[in-house]
Amino acid sequence: MEQEEILEEEKIDKKKKKEKKNKFEEENLELKNKVSELEDKLIRTQAEMVNYRRRKDEETARLLEYSNEDIAKDLLPILDNFERAINMDNDNLEDEVSKFLEGFKIIHKGLKETLQKYEVIEINPIDEEFDPNYHNAVMTENNEAKADNIVTEVFQKGYMLKTRVIRPAMVKVNQNEKKVNEKKGDNNE
């Protein structure tokens, strides 16, 4: 009987050990899955951080590239005023006024050179095709000698900072009435 009891106890011990072993294997499998999940999360988080850093660097570079935009916009009306004053200089003015305007010309030249140094570029669209990205049409005219949709006069110069338009040119655009009337006739049909 004792031997049977011992055998029975050994069977129970084996069964418990087997259950413990199965339990450890299940826990080990769960832990491996958790480790795998955490590794995936870590890889995704690292990729997100790299992307975030890249986006921030690009944004900072864009901000730095166009950091002078506000000051350039503020200087453009001053430049316009200098150009208006300089355009007053003609042969009919007195010698003193002409000398005074020479000083304006020097200041104007210095201001233009400074703006060019910071890549502020003048948009000069005379005799070019109208482009709403660069020009603001404030008037039209009917000149059959010129092609349709061509800029004929600039009222206010436009400017770009590097590749960005900071002020579109205010222009007069040629619109041939025959073509305009033909288009209206086509639309009415």
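Between F104 and F82, the ring planes lie perpendicular to each other; the angle is over 60°, past the 30° to 60° tilted range.
Not counting sequence neighbours, the partners of D80 by the salt bridge (charged side-chain N to carboxylate O under 4.0 Å, His left out) test are R167.
Side-chain contact check for E113 versus K117: every heavy-atom pair is 4.5 Å or farther apart. In this structure the side chain of Y118 never reaches within 4.5 angstrom of the side chain of I71, judged on heavy atoms. A heavy-atom distance below 4.5 Å is not found between the side chains of D148 and V173. Contact annotation: the side chain of I123 never approaches that of P168 to less than 4.5 Å [non-hydrogen atoms, C-beta and beyond].
Partner K146 forms a side-chain hydrogen bond (donor to acceptor under 3.5 Å, both in side chains) with one of D127, N174, T152, N176 and no other, that one being D127. Checked against V35 for a side chain to side chain contact (heavy atoms under 4.5 Å, CB included), the options K32, E39, E37 give a single hit: E39.
The NE2 atom of H108 lies 10.5 Å from the CG atom of N81; values are rounded to the nearest 0.5 Å.
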Do any side-chain atoms of residues 42-60 form donor-acceptor pairs under 3.5 angstrom with protein atoms, and if so which ones, sequence neighbours left out?
{"residue": "T45", "atom": "OG1", "partner": "K41", "partner atom": "O", "Å": "2.7"}
{"residue": "N51", "atom": "ND2", "partner": "A47", "partner atom": "O", "Å": "3.4"}
{"residue": "R54", "atom": "NH1", "partner": "E58", "partner atom": "OE2", "Å": "3.4"}
{"residue": "T60", "atom": "OG1", "partner": "K56", "partner atom": "O", "Å": "2.8"}

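With respect to E122 and K112, a salt bridge is recorded, a charged nitrogen being found less than 4.0 Å from a carboxylate O.
Between the side chains of Y66 and T163, at least one donor N or O lies within less than 3.5 Å of an accepting N or O. No side-chain donor-acceptor contact under 3.5 Å links R84 and N87.
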